Amino acid sequence: MSTNVKIFITIFCYISAVMGLVTAVMQASTTPPNTPGAIGSGVVGGIFLIAGVALSRKPRY
């Protein structure tokens, strides 16, 4: 994979993770709380966070 494409996908994953986690907190803080939506957004945000971390690791040689 090209270095520029990998960097672009990594940045996209980190931004998506932050937005997913912020959305989860916002949905959980409403009255009444939107629990299924908050859990779904949190899971999606966590998946993007894990993908971003996996892409930003340096390979071991």
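Note that the numbering runs from 1 along the sequence shown for the chain. Atom set for the values below is all heavy atoms of this structure, side chains included, hydrogens, waters and symmetry mates excluded. Bear in mind the structure is a predicted one, so any value in this text is a computation, not a measurement.
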Atom pairs and distances, donor-acceptor, side-chain atoms in residues 36-53, under 3.5 Å, two or more places apart:
unit_1 : atom_1 : unit_2 : atom_2 : d
S41    : OG     : G37    : O      : 3.0

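- The two atoms that bring R57 and K6 nearest to each other are O-NZ, 4.3 Å, heavy atoms only.
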Exercise answer: donor-acceptor pairs, residues 15-26 side-chain atoms, under 3.5 Å, sequence neighbours excluded:
unit_1 : atom_1 : unit_2 : atom_2 : d
S16    : OG     : F12    : O      : 2.9
T23    : OG1    : M19    : O      : 2.7

